[in-house]
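Proteins get letters first, then strands, A, B, ... in listed order; numbering begins at 1 in each.
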2 protein chains.
Amino acid sequence: MRSPEELSALFRAQGRKITAQRQCIFRVLQGDESHPTAESIHAAAKAHMETISLKTVYQTLHELAAMGEIAALDLGTGMTRFDPNTEGVHHHLVCRGCGKVRDLHADFSTVTVPTGAEEGFDVGDAEVVFRGRCRDCRRARATAPRRAKATARA
Amino acid sequence: MRSPEELSALFRAQGRKITAQRQCIFRVLQGDESHPTAESIHAAAKAHMETISLKTVYQTLHELAAMGEIAALDLGTGMTRFDPNTEGVHHHLVCRGCGKVRDLHADFSTVTVPTGAEEGFDVGDAEVVFRGRCRDCRRARATAPRRAKATARA
DNA sequence: TTGTCAAAGAACAATCGTTGGTGATAGCCT
DNA sequence: AGGCTATCACCAACGATTGTTCTTTGACAA
Ligand SMILES: [Mn+2]
Ligand SMILES: [Mn+2]
Ligand SMILES: [Zn+2]
Ligand SMILES: [Zn+2]
């Protein structure tokens, strides 16, 4: 994702309006590596701008995603996660316990993916999602009751 | 997934009742490789049993999933997909156009997944989802208007 | 500056897949 | 047969997301 200033310039160049809400969202996204949800972005934005609406957050996130400035990820946690880091191709570690998402920089270039032609399927891209337990959840589980109900809420 | 007869025996052994609805669902699931949704399973079941309710279908599917007889997959198509094929580990091809899901039997055993310890993340398993276009959608797209709206409905 | 107008925002309701209640009926199993 | 489940129909709720409507605002020209 570009800097808030560059994004503002981009928006302006595309005829979009530069509003305080959008700039606020730009700033909130800037450097956020938590793969936040729309809701958590909204919460963070409200800390700076009490009146900003969730709808506006969704709208702006979709615009940024359509522009390729951020990525919208469906990682099976129930909510769309947004990723301002679109620089390098990377994969994700998803914690089954708390839903936290972390980047995984690993090389899968040597993986033999069947060509689309031979299966009739035009493979666009491979999405590798590793599910497991983050350190915090591993620790918590060590002392937790064995059949803890998976709440899956972040 | 086991045969309808074996499943009936299993249910009986667990104190669950063997009802006509459940047997109908067992039969519908048997050999279905389309990774159906609850709704499509319901539709197929209704063809044999007009009065079966969607609720019962959901309930039975969840029971089967909890028993490990089928898998419930979140492949980002908006609805949970159910997979009666739990025999071999396999991955999935998801069509971005029509949402169809196909099995992909490919060997990723040589992929160097970072060990959980070094990242503090206990990797349970890797889920590889390939997104692209199936043959039908490729054909359709060749003649379709360029900005066709993705309906994502199977 | 100020007017104009489309774009953006706020508030609210609706949507979708799914789950939860209810009470009544039906049917499995001992 | 009798008890206990499962199922039914119905209706409501859920959370994430989107559509609607009305109001406000920013961008640009006069
Ligand atoms: Mn990321
Ligand atoms: Mn499969
Ligand atoms: Zn965790
Ligand atoms: Zn397709």
Side-chain angles (χ1 to χ4, degrees), chain A residues 7-26 35-43 45-46 48-67 72-82 99 149-154, chain B residues 4-5 7-26 35-43 45-46 48-67 72-82 99 149-154:
Chain A
L7 287 179
S8 294
L10 254 178
F11 266 57
R12 199 175 288 117
Q14 299 188 2
R16 301 176 198 269
K17 314 258 164 113
I18 309 305
T19 65
Q21 289 85 345
R22 286 180 162 176
Q23 289 176 310
C24 178
I25 294 168
F26 296 165
H35 303 80
T37 65
E39 243 179 62
S40 70
I41 293 164
H42 180 225
K46 275 219 291 201
H48 300 282
M49 180 177 266
E50 183 58 40
T51 67
I52 192 169
S53 78
L54 180 57
K55 178 86 198 269
T56 298
V57 172
Y58 269 112
Q59 192 171 288
T60 304
L61 290 173
H62 286 320
E63 285 167 336
L64 287 170
M67 293 162 64
L73 310 174
D74 180 351
L75 298 173
T77 58
M79 295 175 258
T80 303
R81 315 294 291 243
F82 295 91
K149 185 169 189 177
T151 57
R153 289 292 142 113
Chain B
E5 296 74 31
L7 286 181
S8 294
L10 254 179
F11 266 56
R12 200 175 287 116
Q14 298 186 2
R16 302 177 200 268
K17 311 259 166 114
I18 309 304
T19 65
Q21 289 87 344
R22 286 178 164 175
Q23 288 176 311
C24 177
I25 294 168
F26 296 166
H35 302 80
T37 65
E39 245 179 60
S40 71
I41 292 164
H42 181 223
K46 274 219 290 201
H48 299 282
M49 181 177 264
E50 183 57 40
T51 66
I52 192 169
S53 77
L54 179 58
K55 182 114 198 235
T56 299
V57 171
Y58 270 112
Q59 189 172 289
T60 304
L61 290 173
H62 286 321
E63 285 167 337
L64 287 170
M67 292 162 63
L73 309 175
D74 180 352
L75 298 173
T77 58
M79 293 175 259
T80 303
R81 316 293 293 243
F82 295 91
K149 185 169 191 178
T151 58
R153 289 291 144 115

Review point. Picking from dA8(C), dA10(C), dT18(C), which would you name as closest to the side chain of Met79(B)?
Key: dT18(C)

Review point. Can you name the ring-ring contact (aromatic ring centres under 6.0 Å, His included) partners of Phe82(A), sequence neighbours left out?
Key: none

Output side-chain donor-acceptor pairs under 3.5 Å for residues 58-67 of chain B, partner residues at least two apart or in another chain, one line each.
unit_1	atom_1	unit_2	atom_2	d
Thr60(B)	OG1	Thr56(B)	O	3.0
Glu63(B)	OE1	Arg22(B)	NH2	2.9
Glu63(B)	OE2	Arg16(B)	NH1	3.4
Glu63(B)	OE2	Arg22(B)	NH2	2.8

Practice item. Can you see which heavy atom on Ile18(B) is nearest to which on Ser8(B), and at what distance? Key: CD1-O, 3.1 Å

Exercise for review: Go through dA10(C), dG17(C), dT17(D) for me and flag the one nearest to the Tyr58(A) side chain.
Suggested key: dT17(D)

Point to revise | Gln59(A) side chain near dG9(C) phosphate (N/O to OP1/OP2, under 4.0 Å) | key: yes

Review point. Within the pair Thr80(A) and dT17(D), is there a side-chain N or O less than 4.0 Å away from OP1 or OP2?
Key: yes

Exercise for review: Can you check whether any acceptor in the base of dG9(C) is under 3.5 Å from a donor in the side chain of Lys55(A), or vice versa?
Suggested key: no

Practice item. To the nearest 10°, let me know how far the axis at one end of the helix from dT1(C)-dA30(D) to dT30(C)-dA1(D) is tilted from the axis at the other, five pairs an end. Key: 30°

**Study point:** Leu73(B) CG to dT18(C) C1', straight-line distance once rounded to whole Å
**Key:** 17 Å

Check your understanding: Taking for each residue the nucleotide of DNA chain C with the nearest heavy atom, is it Glu63(A) or Leu54(B) whose nucleotide lies nearer the 5' end?
Key -> Glu63(A)

Practice item. Dump the intermediate steps for side-chain contact (heavy atoms from CB on, under 4.5 Å) on Ile25(B) and Ile52(B), then the final yes or no. Key: CA-CA 10 Å; Ile25(B) 294 168; Ile52(B) 192 169; 4.0 Å; yes

Study note, to complete from the structure: With sequence neighbours left out, the residues meeting side-chain contact (heavy atoms from CB on, under 4.5 Å) with Pro36(A) are Asp32(A), Ser34(A), Ser40(A), Ile41(A)

Practice item. Please check the phosphate of dG9(C) (OP1 and OP2 only) for any side-chain N or O of Thr51(A) closer than 4.0 Å. Key: no

Review point. CE of Met49(B) versus P of dA6(D): gap in Å, rounded?
Key: 16 Å

Check your understanding: Can you tell me how far P of dA7(C) sits from CD of Gln21(A), to the nearest Å?
Key -> 17 Å

Exercise for review: Give the rounded distance in Å between these two atoms: CZ of Phe11(B) and C1' of dT7(D).
Suggested key: 14 Å

Exercise for review: For Gly15(A), answer base if it contacts any base atom (sugar-phosphate contacts may also be present), sugar-phosphate if it contacts only those atoms, and nothing otherwise; contact means non-hydrogen atoms under 4.0 Å.
Suggested key: nothing

Review point. Among dT17(D), dG17(C), dG9(C), which nucleotide sits nearest the side chain of Glu39(B)?
Key: dG17(C)

**Study point:** salt bridge (Lys or Arg N to Asp or Glu O under 4.0 Å): pairs with one or both residues in residues 48-59 of chain A, sequence neighbours excluded
**Key:** none

Exercise for review: Indicate, with a heavy-atom threshold strictly under 4.0 Å, whether His42(A) touches base, sugar-phosphate, or nothing.
Suggested key: nothing

Below 3.5 Å between N/O atoms, which protein atoms pair up with nucleotides 27-30 of chain D? Just atom names and distances, please.
unit_1	atom_1	unit_2	atom_2	d
dA27(D)	OP1	Ile18(A)	N	3.3

Check your understanding: Rounded to whole angstroms, how far apart are CD1 on Ile52(A) and P on dT25(D)?
Key -> 14 Å

Practice item. Give, for atom OG1 of Thr37(B) and atom CG of Leu73(B), the distance between the pair rounded to the nearest 0.5 Å. Key: 12.0 Å

Check your understanding: Roughly how far, to the nearest 0.5 Å, is the CE atom of Met49(B) from the CD atom of Gln23(B)?
Key -> 8.5 Å

Point to revise | Given Glu39(B), Gln21(B), His42(B), the one that forms side chain to side chain contact (heavy atoms under 4.5 Å, CB included) with Val57(B) | key: His42(B)

Practice item. To the nearest Å, give me how far apart CD1 (Ile41(A)) and P (dA16(D)) are. Key: 14 Å

Revision key, fill the gap. Distance col, row His35(A):NE2 vs Thr77(A):OG1, nearest 0.5 angstrom, shows 11.0 Å

Exercise for review: Starting from P on dT17(D), measure out to CZ on Arg81(A) and report it in whole angstrom.
Suggested key: 11 Å

**Study point:** OP1 or OP2 of dT19(C) under 4.0 Å from side-chain N/O of His62(B)
**Key:** yes

